[in-house]
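Structure first, then comments.
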Protein chains: 2
Amino acid sequence: MSGVLHVLLHMAQQPGPFTSETLAKAMDTNPVVIRRIMAGLRDLGYVRSEKGHGGGWTLACDLSKVTLRDVYTALGSPSLLAMGNRTEAPGCLVEQAVNAALDRAFHDAEALLLARLGEVTLAMLGDDLRKRLGSRKLQGMSAHGA
Amino acid sequence: MSGVLHVLLHMAQQPGPFTSETLAKAMDTNPVVIRRIMAGLRDLGYVRSEKGHGGGWTLACDLSKVTLRDVYTALGSPSLLAMGNRTEAPGCLVEQAVNAALDRAFHDAEALLLARLGEVTLAMLGDDLRKRLGSRKLQGMSAHGA
DNA sequence: GTTTCATGTAACTATTTATGTTACATGATG
DNA sequence: CATCATGTAACATAAATAGTTACATGAAAC
């Protein structure tokens, strides 16, 4: 999640297509990893990829219309919470009672988190970044800092 | 978490001290694992452990005063959310922007989850369990079911 | 007191999950 | 057709979690 947003935000700063290798260097990881995490976004049409000379990844969406929740969904909606229920022994009534209590709490928290993610668009992230870049520039430093 | 609650609820159903081995069998795990997860609860005084003949684990708290949040704390307050921030490259402004957005959402969700856990006492869980046991008994089945 | 039973804990061994890597196929461009 | 880039499978590594073994400590029974 954090990684994908990082990539998207980097891409939003300059136009050209970006190769997986370029992005991988910026994220300090491997090109294949980039392709993996971008696959979901491509399938949903948020980015486009092209092969051959001058190819690479391009933003293909209106940043003001895509929320962090959309990105989360594009990643396959992985579980948000660290603690899941014991799925073993579902016939045990003790387990059922425990799960019922935890499920309620977990569900509410998850719903809130998704709602919050749905309120933030990539464009907002970009705006925030530009603000940070502005104040940093005054100190004559680059985006990646020390 | 789920495991600890399972153990506590099992203990609340009968008085006697329970050996780690007994509890381990009920949880389908190893006695040492039981001792590990109970250690935090013991340190905070929620349960007591005794050695030798007739020893084992005993509940040592008012179940109506201990919330799921207390139990969570006793476990060392492990992170609740599955996705943390990339901590790498904290000097990168892009990362800072991403983290700022995610932190807000994560913090709210975590706070809600903790609040919900704080609303549920072990006694409530016990009540719920007894209700389930009641309706199950009518069918002539045991707590662990099929 | 010595045997037995139980916890306490360190050290080690799976097992799982996420991440990174290599290798090669596919397609686009010059 | 040589080069560059993605697509993807297969494998390797790393970190976290859970399970196991081994042994020390203390309490009760005899």
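So you know, we letter chains A, B, ... as the sequences are listed, proteins then strands, and number each from 1. Excluded from the calculations below are hydrogen atoms, water molecules and symmetry mates; all remaining heavy atoms, backbone and side chain alike, are included.
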[X] [atom1] to [N] [atom2], straight-line distance once rounded to whole Å:
X: A:L23; N: D:dA5; atom1: CG; atom2: P; value: 12 Å
X: B:F18; N: C:dA6; atom1: CZ; atom2: P; value: 14 Å
X: A:D43; N: D:dT6; atom1: CG; atom2: C1'; value: 13 Å
X: B:R42; N: C:dA6; atom1: CZ; atom2: C1'; value: 13 Å
X: A:W57; N: C:dA28; atom1: CH2; atom2: P; value: 15 Å

If the threshold is 4.0 Å, N to carboxylate O, is there a salt bridge linking B:K131 and B:D127?
no
Please check if any side-chain donor atom of A:D70 sits under 3.5 Å from a side-chain acceptor atom of A:T67, or the reverse.
yes
Show the distances under 3.5 angstrom between N or O atoms of the protein and N or O atoms of nucleotides 26-30 of chain D.
| residue | atom | partner | partner atom | Å |
| --- | --- | --- | --- | --- |
| D:dG26 | O4' | B:K51 | NZ | 3.4 |
| D:dG26 | N2 | B:G52 | N | 3.0 |

Which distance, rounded to the nearest 0.5 Å, do you find between the [atom1] of [X] and the [atom2] of [Y]?
X: B:L112; Y: A:L113; atom1: CG; atom2: CG; answer: 10.0 Å
X: B:L59; Y: B:L122; atom1: CG; atom2: CG; answer: 8.5 Å
X: A:H10; Y: A:L5; atom1: NE2; atom2: CG; answer: 12.0 Å

Counting only side-chain N and O atoms of [X], is one of them less than 4.0 Å from OP1 or OP2 of [N]?
X: A:S49; N: D:dG7; answer: yes
X: A:S20; N: D:dT6; answer: yes
X: A:T29; N: C:dG20; answer: yes

Pairs satisfying side chain to side chain donor-acceptor pair (under 3.5 Å), at least one member in residues 38-50 of chain B, at least two apart
none
Contacts of B:S79 that satisfy side chain to side chain contact (heavy atoms under 4.5 Å, CB included) - sequence neighbours left out:
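Once residues adjacent in sequence are excluded, the partners of B:S79 under the side chain to side chain contact (heavy atoms under 4.5 Å, CB included) criterion are A:A82.
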In chain order, what residues pass the side chain to side chain contact (heavy atoms under 4.5 Å, CB included) check against B:A111, with sequence neighbours excluded?
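With sequence neighbours excluded, B:A111 shows a side chain to side chain contact (heavy atoms under 4.5 Å, CB included) to no residue whatsoever.
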According to salt bridge (charged side-chain N to carboxylate O under 4.0 Å, His left out), who are the partners of A:R116, at least two apart in sequence or on a separate chain?
A:E119, B:D108
Applying a 4.0 Å non-hydrogen cut-off, can you work out what B:R48 is touching in the nucleic acid: base, sugar-phosphate, or nothing?
nothing
Close residues, residues 30-38 of chain A, relative to DNA chain D [heavy-atom separation under 4.0 Å]
A:V32, A:R35, A:R36
